[in-house]
Amino acid sequence: MSKTSLKTPQAIRGTQDIFGPEAEAFAFVVETFERVRKLYRFRRVEMPVFEKTEVFSRAIGETTDVVSKEMYSFEDRGGDSLTLRPEFTAGIARAFLTNGWQQHAPLKVATHGPLFRYERPQKGRYRQFHQIDAEIIGAAEPQADVELLAMADQVIRELGIENVTLHLNTLGDADTRDAWRAALIEYFGAARGELSEDSQERLEKNPLRILDSKDPRDRKFVADAPKIDAFLSDDAQRFFDAVTSGLDAAGVKWTRAESLVRGLDYYRHTAFEFIPDEGSAAAGALGSQSTILGGGRYDGLMESLGGAPTPAVGWAAGIERLAMLVGERTPDRLDVAIAVEDDALLPASARIAPILRRAGFTVEVIATGSTRKRYDKASKLDPMYLASLQIRDGTPGYSHKSQLDDEANSKIDAVILENVQL
RNA sequence: GCGAUCGUAGCUCAGUUGGUUAGAGCGCCGGUUUGUGGUACCGGAGGUCGGGGGUUCGAGACCCCUCGAUCGCCCCA
């Protein structure tokens with residue numbers, strides 16, 4: 001190999017080139033999601049990867065970390081500020097309004113693809129990452145939440161992921177959320193000086209977040225902090241009760257997580273995350289980024305984009321994080337390997353392989369490098385049927401070793417026999 | 001944005017308290033068996049030891065800077 005002075009460009013930080021077992025696991029997650037989503041009749045949507053910046057800044061909230069410091073924003077040649085999508089929901093909401101999808105309401109949609117967030121990469125966290133996503137738009141009733149969650153639960157179960165549980169909470173309607181928030185500010189404000197630096201800042205920006213602080217200085221105050229339940233309006237309480245009893249009826253296991261709050265401004269009522277159980281293998285595999293699926297109800301979002309009030313619920317799950325939990329996915333075993341032990345038989349293999357592939361067999365042809373070693377190479381592929389094409393005493397022929405059934409064997413034999421000619 | 005750890009062949013790693021031409025396994029390429037053969041034997045290609053500066057008679061090893069990776073904080077899927 002000759003050397004050049006040209007340096008190979010490096011991949012962008014936080015992007016990944018997924019290959020091998022990880023790629024198999026990734027594909028398995030997507031395939032499973034696609035299959036389950038059809039069971040629930042969610043319709044597939046394809047969305048742009050970028051939007052006008054305001055789609056996200058208005059929908060997600062100016063003050064959130066996502067908008068204030070994690071977006072990949074740039075100006076296009078026309079001078080518009082555009083942003084690589086940091087999440088699906090805002091774009092889907094925009095599409096719903098832009099395309100008049102109200103006519104389809106209640107609309108169940110599902111999608112998957114890359115998202116972008118400018119963050120420090122670490123385990124289970126990338127700058128370009130991938131999610132599967134499901135939304136029900138235009139459905140105000142708690143049954144929608146239940147169906148959506150049942151689907152999430154089924155996806156996770158069909159992926160074979162164990163020891164992951166649904167953590168469920170309600171944030172109430174706008175009024176109860178505001179009242180609760182005010183109470184938390186008052187409560188934590190009184191102890192301000194004793195809180196961690198981070199939480200003192202959270203007091204201004206996002207007081208709800210103090211509740212799941214990991215800092216021991218905060219934790220001792222959290223237990224006695226005001227509970228959302230005390231502020232829940234009757235409607236909000238009824239709604240939550242309907243969701244929980246619906247989940248029970250559907251056989252979806254859940255646990256109440258009183259301090260579960262979601263970072264984005266648009267959440268109302270139901271909020272949830274699927275999290276590996278403490279100490280489980282799944283928790284170990286994920287490191288500190290343990291939420292694999294999260295979402296909730298976002299009744300106020302459409303209005304922030306200038307649409308009519310439209311209730312909606314949705315969730316998204318990190319494909320990389322799910323893929324870390326599905327274990328090794330071994331690709332199907334190779335059906336046929338053909339070792340071409342004489343270059344004069346290259347045309348023969350060129351005829352044989354396509355015929356077999358059209359017949360539905362997976363086929364690898366080994367026809368490069370030392371002829372003596374081709375058989376060994378083919379053998380290492382561990383095929384069900386191993387054919388060796390060779391010339392003996394001037395006559396072309398072949399031999400084979402097979403673990404396939406007789407029917408398949410005779411089919412393959414016939415094709416080879418007919419085509420091992422010079 | 002902050003912190004910790006790490007950076008030697010394509011891959012996984014060895015390289016003694018700094019001391020001559022930097023090693024192994026796997027993989028790759030070629031050869032050996034006049035043969036029906038997966039694991040055996042021989043040989044070969046491939047490294048400016050992430051990059052730059054410094055200390056030293058001498059640096060892959062020590063110091064500084066820089067780039068990158070990994071893990072954690074923040075936040076999130």
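Each chain gets a letter, A, B and so on, in the order its sequence line appears, and its residues count up from 1. Quick caveat, the model's predicted, so the values are computed rather than measured.
- Nucleotides B:G1 and B:U66 are separated by 13 Å at their P atoms, to the nearest Å.
- Taking only side-chain nitrogens and oxygens, A:Gln122 never comes nearer than 4.0 Å to OP1 or OP2 of B:U70.
- Salt bridge A:Asp343/A:Arg374: present, at least one basic N to carboxylate O contact under 4.0 Å.
- Out of B:C75, B:G38, B:A77, the shortest distance to the side chain of A:Gln289 is found at B:C75.
- The partner of B:G38 is absent, by the rule that a Watson-Crick or G-U pair needs both atom distances under 3.5 Å.
- Contact annotation: side chain of A:Ser399 to base of B:U36, donor-acceptor pair present below 3.5 Å.
- Base contact: A:Tyr126 has a heavy atom under 4.0 Å from a base atom.
- Distances were taken from every side-chain heavy atom of A:Lys380 (C-beta onward) to each of B:G38, B:C75, B:G35; the shortest belongs to B:G38.
- The main-chain N or O of A:Pro311 is never found under 3.5 Å from a side-chain atom of A:Arg268 such that the two would form a donor-acceptor pair.
- Taking only distance into account, the side chain of A:Arg125 meets the base of B:C75 through a donor-acceptor pair shorter than 3.5 Å.
- A:Asn163 and A:Ser280 are not linked by any side-chain donor-acceptor pair at a separation below 3.5 angstrom, with hydrogens and angles left out of the test.
- Atom C1' of B:G7 sits at a distance of 11 Å from the matching atom of B:G60, rounded to the whole Å.
- For B:G23, the paired nucleotide is B:C13, the pair qualifying as Watson-Crick or G-U wobble because both relevant distances are below 3.5 Å.
- Using the Watson-Crick or G-U wobble rule with both distances under 3.5 Å, B:C2 pairs with B:G72.
- A donor-acceptor contact under 3.5 Å is formed by the side chain of A:Lys373 with the base of B:G31.
- Listed pair A:Arg262 / B:C75 fails the phosphate criterion, with no side-chain N or O lying under 4.0 Å from OP1 or OP2.
- At least one side-chain nitrogen or oxygen of A:Arg372 sits closer than 4.0 Å to the OP1 or OP2 atom of B:U32.
- At a threshold of 4.0 angstrom between heavy atoms, the contacts of A:Gly124 include nucleobase atoms, whether or not backbone atoms are also involved.
- B:A59 and B:G50 have their P atoms separated by 15 Å, with the value rounded to a whole Å.
- When heavy atoms are screened at a 4.0 angstrom cut-off, A:Thr64 is found touching no nucleic acid atom at all.
- A gap of 16 Å separates the C1' atoms of B:U12 and B:G47, to the nearest Å.
- For A:Lys214, a side-chain nitrogen or oxygen approaches OP1 or OP2 of B:C73 to under 4.0 Å.
- Comparing the P positions of B:G23 and B:G38 gives a spacing of 34 Å, expressed to the nearest Å.
- Listed pair A:Arg202 / B:C75 meets the phosphate criterion, a side-chain N or O lying under 4.0 Å from OP1 or OP2.
- Using cut-offs of 30° and 60° for the angle between ring planes, the A:Phe74 and A:Phe50 rings count as parallel.
- Applying the 4.0 Å criterion to OP1 and OP2 of B:C71, one finds that A:Ser288 has every side-chain N and O outside that range.
- Regarding A:Ile338, its CD1 atom lies at a distance of 20 Å from the P atom of B:G37, rounded to whole Å.
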Steps toward side-chain hydrogen bond (donor to acceptor under 3.5 Å, both in side chains) verdict (A:Glu158, A:Thr32): CA-CA 7 Å; A:Glu158 298 212 4; A:Thr32 303; over 6 Å; no
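- Using modelled atom types, one finds no donor on one side chain facing an acceptor on the other under 3.5 Å when comparing A:Thr371 with A:Asp342.
- In this structure, B:G43 forms a base pair with B:C29, meeting either the Watson-Crick or the G-U wobble geometry with both donor-acceptor distances under 3.5 Å.
- Of the candidate nucleotides B:G3, B:C74, B:U39, B:U39 has the atom nearest to the side chain of A:Asp376.
- In this structure, A:Glu197 atom CD and B:C75 atom P are separated by 13 Å, rounded to whole Å.
- Among the atoms of the strands shown, only primed sugar atoms or phosphate atoms (P, OP1, OP2) are found under 4.0 Å from some heavy atom of A:Arg13.
- Residues A:Arg392 and A:Glu87 both approach RNA chain B. Their nearest nucleotides, taken by heavy-atom distance, put A:Arg392 toward the 5′ side.
- The same atom, C1', is picked in B:A22 and in B:A14; the two are 11 Å apart, to the nearest Å.
- Separation of the P atoms belonging to B:G35 and B:G46 is 37 Å when rounded to the nearest angstrom.
- Pairing for B:G7 goes to B:C67, judged as Watson-Crick or G-U wobble with the two contacts each under 3.5 Å.
- Listed pair A:Ser370 / B:G31 meets the phosphate criterion, a side-chain N or O lying under 4.0 Å from OP1 or OP2.
- Residue order along RNA chain B, read from the 5' end via each residue's closest nucleotide, puts A:Asp198 first among A:Glu320 and A:Asp198.
- Aromatic ring orientation, A:Phe272 versus A:Phe274: perpendicular (interplanar angle above 60°, classes split at 30° and 60°).
- With both pairing distances under 3.5 Å, B:C62 is matched to B:G54 as a Watson-Crick or G-U wobble pair.
- The distance between atom CG of A:Asp17 and atom C1' of B:A69, rounded to the nearest whole Å, is 14 Å.
- Among the heavy atoms of the strands lying under 4.0 Å from A:Gln390 is at least one base atom, whether or not backbone atoms are also near.
- Across B:C75, B:G37, B:U70, the shortest atom-to-atom separation from the side chain of A:Arg120 is found for B:U70.
- Within the 4.0 angstrom heavy-atom criterion, no nucleotide atom of any strand lies near A:Gln16.
- Side-chain N/O atoms of A:Lys377 and base N/O atoms of B:G38 include no donor-acceptor pair closer than 3.5 Å.
- Comparing the same atom, P, in B:G72 and in B:G10 gives a spacing of 29 Å after rounding to whole Å.
- An aromatic stack links A:Phe129 and the base of B:A77, using centre distance under 5.5 Å and interplanar angle under 30°.
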Evaluation steps, salt bridge (Lys or Arg N to Asp or Glu O under 4.0 Å), between A:Glu418 and A:Arg351: CA-CA 10 Å; A:Glu418 202 175 309; A:Arg351 285 192 297 272; over 6 Å; no
